There are 2 protein chains.
Amino acid sequence: MKTETFRALGEPSRLRIVELLRNGPLSVGEIADTLAIRQPQVSKHLRVLAEAAIVAVEPIERRRIYHLEAEPFEEIGEWVDSFERLWSTRLDSLDAYLNSLAEKRNEDE
Amino acid sequence: MKTETFRALGEPSRLRIVELLRNGPLSVGEIADTLAIRQPQVSKHLRVLAEAAIVAVEPIERRRIYHLEAEPFEEIGEWVDSFERLWSTRLDSLDAYLNSLAEKRNEDE
DNA sequence: GTGTCATATTCTCGTCAAGGAATATATTGG
DNA sequence: CCAATATATTCCTTGACGAGAATATGACAC
């Protein structure tokens, strides 16, 4: 998993932008107005999100319409799934760990 | 969704720690040795992860065994699912957006 | 071309966070 | 209580990053 993806989402304004774009594509100005963030900051945040491939842009007339990309979210989904698949065995792992400690103790005796 | 969760994961060393703990609980020293990170930094990263409720600690003998918590991963999973549910309609949304632009153009005429 | 709207970039500044080194705080065993 | 091990915390320095203001770039209309 890329830390870049999480880093991009780990900033309040950027997460707000992402959750806003969840409802559909928007232009830079619409994002700025809706979230009450100044346009330059929006552009900067969108740049970070674009570098993380979380958003993409499509120029339409004079505007640049940003929309979410599917891939990063699919990656995150698969990543958390890979954890949750092990979840059922987590307590077993803890048990195993405690047992290994117990074994070491026995070896030392 | 909390930005705190993503912020905690958006740091390379911390993501490495999380992916290491994916294999099972470990003590601070074991994490430090495995990842070749100095112990104080490991403790500091674990503190951030614990504040984000991504890990929890269980003291055993002289050690403190850290393990992953399920909840944040479930939250992330639900969050990305909520996006992917809308994924099928993303192109429709783009269409709708373009249509709304077209309507505005018509209004102006 | 000029002007205008929409967006991107640059600059500076302040803040925050990560790493290193040293030290403090348990916890356990004698 | 003292020593030793394991972990946490503090202080310091440095680099990264976000916000603001100003400016630059780009696309379109005339």
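Order of the sequence lines sets the chain letters (A, B, ...), proteins ahead of strands, with each chain counted from 1. The shown structure was predicted, so the numbers you read here are calculated from the model rather than taken from an experiment.
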Please report the distance, rounded to the nearest Å, between [atom1] in [X] and [atom2] in [N].
{"X": "A:R63", "N": "C:dT4", "atom1": "CZ", "atom2": "P", "answer": "18 Å"}
{"X": "B:E30", "N": "D:dT5", "atom1": "CD", "atom2": "P", "answer": "17 Å"}
{"X": "B:L46", "N": "C:dA17", "atom1": "CG", "atom2": "P", "answer": "17 Å"}
{"X": "A:L49", "N": "C:dA8", "atom1": "CG", "atom2": "P", "answer": "12 Å"}
{"X": "A:I65", "N": "C:dA8", "atom1": "CD1", "atom2": "P", "answer": "11 Å"}

Please list, chain by chain and in numerical order, all residues satisfying ring pair (Phe, Tyr, Trp, His ring centres under 6.0 Å) with B:F6, sequence neighbours excluded. A:F6, B:W79
Is it true that, when you exclude B:R22 itself, more than 12 heavy atoms of the residues, nucleotides or ligands shown sit nearer than 6.0 Å to its CZ? yes
If we count only N and O atoms by modelled type, under 3.5 Å, do the side chains of A:Q39 and A:S43 hold a donor and an acceptor together?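 There is such a pair (donor and acceptor under 3.5 Å, judged by atom type) between the side chains of A:Q39 and A:S43.
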Should A:Y66 be listed as having a side-chain N or O under 4.0 Å from OP1 or OP2 of C:dA8?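 So the side chain of A:Y66 is within the cut-off, an N or O lying under 4.0 Å from OP1 or OP2 of C:dA8.
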Do B:T3 and A:R16 have side chains that approach each other closer than 4.5 Å (heavy atoms only, starting at C-beta)?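 B:T3 vs A:R16: side chains apart.
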What does nucleotides 18-29 of chain C look like as a protein-contact string, B for base, S for sugar-phosphate only, - for none, at under 4.0 angstrom between heavy atoms? SBB-B----BSS
Inter-residue atom distance A:E71.CD - A:T5.OG1, 0.5 Å rounding: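 Reported value, rounded in 0.5 Å steps: 9.5 Å.
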So, for B:A8 and B:I54, which heavy atoms are closest and what is the spacing to 0.1 Å?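 The pair with the smallest heavy-atom distance is CB-CD1, 3.8 Å.
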